[in-house]
K.L.:
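Quick one: the structure is below, questions incoming.
One is the number of the first residue; the rest follow in order along the sequence. Fair warning: this is a prediction, and the values are worked out from it, not measured in the lab.
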Amino acid sequence: MLRKDEKLLTHQLKQGNESAFEQIYHLYKRPLFSFALRFIKDKELAEDALQEVFIKLWNNSHGLDEKLSVKVFLFTCLKKTIF
């Protein structure tokens, strides 16, 4: 995805746009799940970690910095959740 598109989705997410959240979810769920599974080695626990990260994204969406990558936010949250 182009950074410009991600920036637009982040802006829309900050406004509470559920469609933007769903788009971000569908863009990043697989790479995030794969990342989690590499460390956790348990499918259910990896799915739980992924769910927790997306809940954090939604709950903190109003405070997102549109200049920063939502992808980086997600992977950083996932790392903190795993470790």
K.L.:
Drop me the distance from K71's NZ to T76's OG1, to the nearest 0.5 angstrom.
P.N.:
11.5 Å
K.L.:
If every non-hydrogen atom of K29 is compared with every non-hydrogen atom of H26, which pair is closest and at what distance?
P.N.:
NZ-ND1, 3.7 Å
K.L.:
So how far is it from L50 CG to S34 OG, rounded to the nearest 0.5 Å?
P.N.:
10.0 Å
K.L.:
Quick one: pull up OG in S61 and CD in Q15 and give me the separation to the nearest 0.5 Å.
P.N.:
9.5 Å
K.L.:
Can you check whether I24 reaches L74 side chain to side chain, under 4.5 Å on heavy atoms?
P.N.:
yes
K.L.:
Under 3.5 Å, side chain of Q23 to main-chain N/O of L9, donor-acceptor pair present?
P.N.:
no
K.L.:
So, do F39 and F83 have ring centers that fall under 6.0 Å from each other?
P.N.:
yes
K.L.:
For the NZ atom on K14, are there more than 12 heavy atoms of other groups (residues, nucleotides or ligands in this structure) within a distance under 6.0 Å?
P.N.:
yes
K.L.:
Side-chain contact test, heavy atoms from C-beta onward, threshold under 4.5 Å: evaluate it for L13 versus W58 and give yes or no.
P.N.:
yes
K.L.:
To the nearest 0.5 Å, tell me how far E47 CD sits from L32 CG.
P.N.:
13.0 Å
K.L.:
Side-chain contact test, heavy atoms from C-beta onward, threshold under 4.5 Å: evaluate it for E6 versus Y28 and give yes or no.
P.N.:
yes
K.L.:
Under 4.5 Å between any side-chain heavy atoms of P31 and F75, yes or no?
P.N.:
yes
K.L.:
Group every Ile, Leu, Val, Met, Phe, Trp and Tyr by side-chain heavy-atom contacts under 4.5 Å, then state whether I55 and V70 land in the same group.
P.N.:
no
K.L.:
Listed by chain and number, what are the side chain to side chain contact (heavy atoms under 4.5 Å, CB included) partners of N60, not counting sequence neighbours?
P.N.:
K56
K.L.:
Are L45 and F54 connected, step by step, through hydrophobic side chains (Ile, Leu, Val, Met, Phe, Trp, Tyr) whose heavy atoms are closer than 4.5 Å?
P.N.:
yes
K.L.:
Going by heavy atoms in the side chains, are L57 and L64 under 4.5 Å from each other?
P.N.:
yes
K.L.:
I40 and A49: which non-hydrogen atoms are nearest, and at how many Å?
P.N.:
CD1-CB, 4.1 Å
K.L.:
Between Q12 and S19, do the side chains contain an N or O donor and an N or O acceptor separated by less than 3.5 Å?
P.N.:
no
K.L.:
Does atom CD of E44 have more than 12 heavy-atom neighbours, drawn from other residues, nucleotides or ligands, at distances under 6.0 Å?
P.N.:
no
K.L.:
Can you tell me how far CZ of F33 sits from CZ of R38, rounded to the nearest 0.5 angstrom?
P.N.:
12.0 Å
